[in-house]
Structures are given as structure tokens and as C-alpha cells.
Amino acid sequence: MNPGQCFKRSIIHGAPPSDKPPPDMPPSPHKSHFLQNSDNERVKVTVRSRPLTKAEESREDVIPVVFVNPDKSTVTVRRKGSFVDYTEFKFDAVLGASATQADVYAVAAQPIVLDVLEGYNGTIMAYGQTGAGKTYTLADVVINDAIQSRVEGIIPRSAANIFEYASNDKNHEYHISMSYIQIYMETIQDLLNPETTNLQIREAEDGGIFIAGVHEIEVKSLEDVVTLLMLGDCNRQCAFTKLNAHSSRSHAIVIITVEKKTFSLLDSTNSSEGRRISKGILVGKLFLVDLAGSERLKKSGSEGLRAVEAMSVNMSLTALGKCISARADPSITHVPFRDSKLTRLLQESLGGNTKTSLIINIAPCCDHIQETLSSLKFGIRAMKVGSRAILNFEEEFRVLNRHLQENTQSKDKQAGNDTKSHNQGVNPESHIDAQTNSGSKCSNILDHKGKVSRRAERNILKKSTKEPDFGQDSKDVSVNCGEEEIRELQRAYKKHYVDELQNEKQKVEVVAGSQLMANSAAKVLKSLSVLDEFFTKKCET
């Protein structure tokens with residue numbers, strides 16, 4: 001008997017005993033398997049099936065095509081018209097429509113949050129088609145009539161768990177901050193500071209990826225996180241489509257940074273009175289990624305700007321699928337992370353220094369069977385991606401940075417006071433006299449320490465060793481004057497240069513005691529003696 005004959009029309013989306021596939025169903029050749037070495041770290045995948053909507057329940061032609069089995073962690077899909085009647089997928093965990101938000105958090109998110117508190121990086125990512133329940137799973141927050149927020153989604157539950165853990169840990173000091181961004185049409189925007197747009201992705205010295213200029217706000221309670229989450233949601237791009245009244249048109253990422261400072265006792269003999277010193281900090285980053293859903297324009301009815309947004313989302317999700325496939329295949333050496341801002345930002349989450357949990361949201365309706373199969377295959381490929389998360393132990397950079405800033409400010413203040421006192425101690429009249437006596441050769445060769453500056457010494461040396469330039473070669477000089485006039489000209493030149501060089505020599509010797517300058521002056525005096533002989537010969541001729 002054909003196994004498909006036992007199914008009747010039903011709206012059941014779980015796995016009731018009466019509508020389960022027959023137990024003697026032959027295994028499908030497309031059945032997935034875990035990694036051979038289960039001890040290796042890899043991406044953990046959880047599948048969540050949403051309930052049928054009221055519109056889907058009211059239809060009479062609804063045929064159950066998706067069957068989930070939480071006990072065996074399998075999802076069976078009926079493929080009408082295919083060569084294979086049924087395809088079975090096995091994951092780390094499978095949750096049906098009756099699963100609560102607490103169940104989803106305990107299975108898919110809580111282990112990652114605990115690892116972040118220990119100093120590891122963690123990523124919780126929701127993937128699926130439009131209207132499958134990704135945003136509801138991650139960031140659903142319900143406010144009751146008493147204006148008190150009731151925690152529901154993974155993001156507020158993770159924050160509540162972090163603050164509860166930090167309050168109960170008396171041996172460590174915690175510093176928690178939060179950022180909220182969106183990737184809208186390949187542009188990174190800060191949802192907590194909407195004025196800053198087109199943020200850039202940078203690579204740190206250790207190879208990590210970060211967003212330059214993102215607004216990071218310190219949070220001290222769950223209420224702070226919920227307030228910032230609601231503020232960011234107001235700035236996020238959403239629109240109405242036929243598949244979802246509040247369809248997300250951008251990828252949203254919440255980044256929670258937990259800095260855990262460790263201490264050690266200086267005097268271990270008396271722990272009650274021993275002084276604690278800081279040993280460093282453990283920095284764990286939690287990335288909560290709400291991916292925009294893939295959609296078909298024919299089903300969603302998107303036109304104009306909405307169609308452009310949908311194409312941009314589909315392109316980034318395609319790039320994500322390519323990176324997952326490349327990471328899952330050991331023979332591929334190049335992973336195209338730079339094809340999209342999303343994949344570039346999630347580079348460490350896809351096989352890097354991060355522990356990753358992927359939540360696949362599916363819709364059980366037969367109208368979305370192709371999208372469901374695509375999402376499940378994506379999850380199967382992601383399970384083959386390994387990870388190499390390590391402890392992020394760093395020095396207490398915040399304290400070091402603060403001390404550095406304090407030292408710099410104190411030095412600047414001291415330098416300013418010294419400059420002010422120096423300016424007050426200078427006699428204005430002497431300063432004016434020094435400027436008016438600029439004709440002296442050695443007026444500006446002293447620095448504030450009373451030493452000859454190197455530049456002034458070089459200038460004096462250059463001037464002293466330079467011979468007089470008469471404008472013509474000595475062989476072509478013709479004297480058309482009398483002997484007495486030549487004698488007077490000789491004495492005038494000799495007196496001018498000898499007197500000037502003698503003064504320079506005395507000043508340099510007194511000020512600097514430089515033997516080099518004295519020798520240079522002696523060389524010039526010797527050249528003047530040669531000049532004297534030249535004039536004497538001209539007079540004789």
C-alpha cells in the first residue's frame with residue numbers, strides 16, 4: 001500500500017499518533033546524518049515549526065506535508081509528485097507548534113549564553129522564509145496593562161539570564177553593554193543612533209571583525225535592554241506584504257558584550273582581609289541575528305521599493321548560503337565572505353572564533369513546501385560547519401586606558417604651567433632688544449638651555465668657510481687704478497673680513513668652546529693672506 005494513502009485532510013501541524021507516517025516507511029536516501037566525530041565543535045541547528053494561521057486553518061484544501069518528531073529530532077516532509085515520497089531530516093533538536101518560548105530558549109539559546117558568560121563568543125541566528133516566526137522567536141516582548149514588560153523572546157531572555165548570573169556571582173565584576181544595528185540594502189545603520197548611517201566593517205589586529213563607530217550603550221538591568229530593544233525596533237525597516245503584515249526588510253543584529261573581571265587575593269592566608277588585585281578580564285560577545293526572510297515576489301506581491309528590498313535580502317541570503325556550503329566542504333579553500341555585508345560581519349560566526357546556534361523557522365502549510373525544503377537543506381549544510389571558539393582573555397584595557405588618559409592629562413597640564421611660568425619670567429624689554437639686534441651674527445644661536453643649537457652651528461660654519469666672491473676669476477681681473485688706490489682697497493677688504501672673522505671666532509669660542517669653529521676661522525684667515533699676496537702682485541705689475 002502506498003504510504004501516502006493513509007493521510008487524510010487535516011490541519012494538524014505536529015506529529016499526532018493518528019497522522020504519523022507509517023513506521024515501516026523505507027528510509028529516504030536524502031536523510032541527513034551528524035558529523036562522524038560528534039565531539040568536534042560545530043554549528044548546532046534547531047528546527048521550530050510555527051502553528052497554522054487562522055487563514056490557513058479555514059481552508060478546506062489544507063494537506064499536512066510537514067511532520068515533526070521532537071523525540072527523535074526529525075522532520076519528515078511529504079513531497080507530492082517527486083520520485084521520493086518522503087524526505088526525513090535529522091537535527092540537533094526539533095520543536096513543534098506546541099513548544100513555548102521558554103522551551104526554545106532552553107534548547108537553542110541558553111547553552112550559548114552560558115558560554116558567553118565564561119568568555120566565549122556566541123551567535124544565535126534565526127533563519128527562514130517570510131512569516132515563519134523569526135522575529136517572534138528572537139525579540140517578542142509583550143507588555144501587559146500594568147506597563148510591566150513580560151519577557152518572551154530569546155533576546156530579552158538572554159539578557160535576563162546574564163543579569164541574574166552576574167548578580168549571583170560575587171567573585172567577579174561585570175560590565176555589560178549593548179549595540180543594535182541593521183543591514184538595510186547593503187548599508188549598515190545604527191538603530192540606537194539613527195543619525196549614523198553607512199557604518200564600515202573593520203578587521204582587528206587579532207583577526208576579529210567589528211563595526212567602526214557603532215554606538216555601544218552600557219546596560220545595568222533587563223529594563224534597559226528592553227527599552228533599547230523597543231527603541232531600535234521603532235527605527236527598523238518594516239513593511240506590509242501579503243505574507244506578513246510586519247515583514248522585516250533588513251537584517252537586525254543585537255550585540256551584547258559581557259566583560260567579566262577576575263580577581264586574585266594578594267594575601268591568601270587571610271581571605272577576609274586580603275587585598276584583591278585584578279588578573280584580567282574575560283570578554284564574551286553575544287550576537288543575536290534576526291535575518292530578514294527570503295520571499296518570492298509572486299507570493300509576497302512586493303512592487304517598487306519593496307521589490308528592490310526583497311531582491312537585496314535574497315542576494316545577501318544567497319551569499320550566506322554560499323559561505324555555508326564552502327565552509328561545509330573541506331576541499332574548498334576560498335570562502336566568499338566579502339560578497340555581502342552580512343557574511344562579512346558574520347565571518348567569525350561561520351566556522352570562526354564563535355559558538356553558533358542556528359534556529360530554522362518553518363511554516364507547515366503546503367503552500368510553502370518549497371521554501372520549507374530550502375530552509376531544512378540550509379540547516380543540514382550548516383550542521384557540517386565546524387567552529388574553533390577560544391577564551392577571549394584580555395588585559396584590563398579599560399583601566400589601562402583610563403590611567404593612560406589621566407597621565408597624559410597631567411603631563412599636558414604640567415607642561416602648560418611650565419610654559420606659562422616661563423613666559424611670565426621673561427623681561428619684555430630684553431625680548432624687544434633681542435629682536436632689534438638681529439643684525440648680529442650670533443644673536444640667535446643659543447637655545448633655552450644656553451647651548452649652541454646644531455642648526456646655528458652649521459650656519460656659522462658655512463658662512464665662515466665661504467670665500468669672498470668677486471664676481472670674476474682671479475686670472476681675468478684687470479686693475480685700472482693707481483697703486484695707492486689698490487693699497488687702500490686691499491686694506492679695506494682685509495680690515496672688513498679680518499675684524500668680522502676675529503669677532504666671530506671670539507664669540508664662538510666664548511659661547512660654545514667649539515674648536516671646530518676656531519679652526520674654520522683660521523682657514524679663512526689663511527685665505528685672506530693669499531688674497532693679500534694677490535693684491536701685492538697686482539700693485540707690483
- Query: Would you call E216 and M178 a side-chain contact if the rule is heavy atoms closer than 4.5 Å?
  - Reply: no
- Return the minimal non-hydrogen interatomic distance between I154 and A109, and the atom names on each side. CG2-CB, 3.7 Å
- Item | Shortest non-hydrogen separation from R157 to Y105 and the atoms involved | O-OH, 3.6 Å
- Side-chain contact test, heavy atoms from C-beta onward, threshold under 4.5 Å: evaluate it for I253 versus L288 and give yes or no. no
- Message: Nearest 0.5 angstrom please: S49 OG to I362 CD1, how far?
- Response: 4.5 Å
- Item | Selection residues 326-352 - residue pairs positive for salt bridge (Lys or Arg N to Asp or Glu O under 4.0 Å), sequence neighbours left out | E203-R344
- Task: Please list, chain by chain and in numerical order, all residues satisfying side chain to side chain contact (heavy atoms under 4.5 Å, CB included) with V94, sequence neighbours excluded.
- Result: V47, V68, S73, V75, F91
- Message: Is there a side-chain contact between D290 and M125 in this structure, where contact means two heavy atoms from C-beta onward sitting under 4.5 Å apart?
- Response: no
- Message: Strictly below 4.0 Å, N to O, side chains only: are D103 and R48 in salt-bridge contact?
- Response: no
- How far apart are the closest heavy atoms of V313 and A292, and which atoms are they? CG1-CB, 3.7 Å
- Could you grab the distance from atom CZ of F337 to atom CD1 of I209, nearest 0.5 Å is fine? 9.5 Å
- Message: Does K260 qualify as a cation-pi partner of Y174, given the criterion of NZ or CZ under 6.0 Å from the six-membered ring centre and within 45 degrees of its axis?
- Response: no
- Query: Please walk me through it: do K90 and T74 pass side chain to side chain donor-acceptor pair (under 3.5 Å)?
  - Reply: CA-CA 4 Å; K90 187 173 180 62; T74 60; over 6 Å; no
- Take Y180 and L229 through the test side chain to side chain contact (heavy atoms under 4.5 Å, CB included) and record every step on the way to the result. CA-CA 8 Å; Y180 196 7; L229 189 63; 3.9 Å; yes
- Side chain T76, main chain E88, donor-acceptor under 3.5 Å: no
- Message: Before you tell me yes or no, could you show the steps for S340 and S316 under side chain to side chain donor-acceptor pair (under 3.5 Å), namely the whole-Å CA-CA distance, both residues' side-chain angles and the distance that decides it to 0.1 Å?
- Response: CA-CA 6 Å; S340 173; S316 61; 4.9 Å; no
- Item | Any L320 side-chain heavy atom under 4.5 Å of F378 side chain | yes
- Message: Could you tell me if the side chain of D233 sits less than 4.5 Å from the side chain of L231, heavy atoms only?
- Response: no
- Item | Inter-residue atom distance I324.CD1 - I380.CD1, 0.5 Å rounding | 12.5 Å
- Item | Derivation and outcome, side chain to side chain contact (heavy atoms under 4.5 Å, CB included), residues N392 and Y120 | CA-CA 6 Å; N392 300 314; Y120 293 94; 5.6 Å; no
- Query: So, does E118 use its side chain to make a donor-acceptor pair with the main chain of D115 at under 3.5 Å?
  - Reply: no
- Message: For the CG atom of L95 and the CD atom of Q101, what is their distance to the nearest 0.5 Å?
- Response: 10.5 Å
- Message: Run the side chain to side chain contact (heavy atoms under 4.5 Å, CB included) test on V254 and I256 for me, step by step, so that the C-alpha distance in whole Å, both residues' side-chain angles and the decisive distance to 0.1 Å come before the verdict.
- Response: CA-CA 7 Å; V254 176; I256 299 178; 4.1 Å; yes
- Task: Show your working on side chain to side chain contact (heavy atoms under 4.5 Å, CB included) between T354 and S387 and close with a plain yes or no.
- Result: CA-CA 7 Å; T354 305; S387 62; over 6 Å; no
- Closest approach of A108 and S357, non-hydrogen atoms and distance? O-OG, 2.7 Å
- Item | Sequence-distant partners of I369, side chain to side chain contact (heavy atoms under 4.5 Å, CB included), two or more places apart | V65, V77, L373
- Query: Is the backbone N or O of H368 less than 3.5 Å from a side-chain atom of T372, with the two atoms forming a donor-acceptor pair by type?
  - Reply: yes
- Message: Are the side chains of I181 and L191 in contact, using a 4.5 Å heavy-atom criterion?
- Response: no
- Task: Enter the distance from D92:CG to L358:CG here, rounded to the nearest 0.5 Å.
- Result: 10.0 Å
- Note on the structure: Distance col, row I124:CD1 vs I112:CD1, nearest 0.5 angstrom, shows 6.0 Å
- Just one of Q237, Q182, Q189 clears the side-chain hydrogen bond (donor to acceptor under 3.5 Å, both in side chains) bar with S250, so which one? Q182
- Heavy-atom distance under 4.5 Å between the side chains of L291 and V289, does that happen here? yes
- Message: Between the side chains of R306 and E309, is the shortest nitrogen-to-carboxylate-oxygen separation below 4.0 Å, so that they form an ion pair?
- Response: yes
- Item | Heavy-atom donor-acceptor pair, D190 side chain to H215 backbone, under 3.5 Å | yes
- Message: When you measure from the side chain of K170 to the backbone of S167, do you find a donor-acceptor pair of N or O atoms at a distance under 3.5 Å?
- Response: yes
- Task: Could you tell me whether M315 atom CE has more than 12 heavy atoms of other residues or ligands within 6.0 Å of it?
- Result: no
- Item | side chain to side chain contact (heavy atoms under 4.5 Å, CB included) partner of K134, the single match among I360, I359, N361 | N361
- Task: Taking R50 for its side chain and G131 for its backbone only, find out whether a donor-acceptor pair lies under 3.5 Å.
- Result: yes
- Got a donor-acceptor contact below 3.5 angstrom from the N168 side chain to the E164 backbone? yes
- Message: Please find the pair of heavy atoms, one from P194 and one from L192, that lie closest to each other, and give the distance.
- Response: CD-C, 3.8 Å
- Message: Looking at Q370, is its backbone amide N or carbonyl O close enough to the side chain of S374 to form a donor-acceptor pair, meaning the two atoms are under 3.5 Å apart?
- Response: no
- N198 backbone acceptor or donor facing Q200 side chain under 3.5 Å: yes
- Item | For V107 against A93, the heavy-atom pair lying closest together | CG1-CB, 3.4 Å
- Item | Within-4.5 Å side-chain heavy-atom neighbours: I162 and I176 | yes
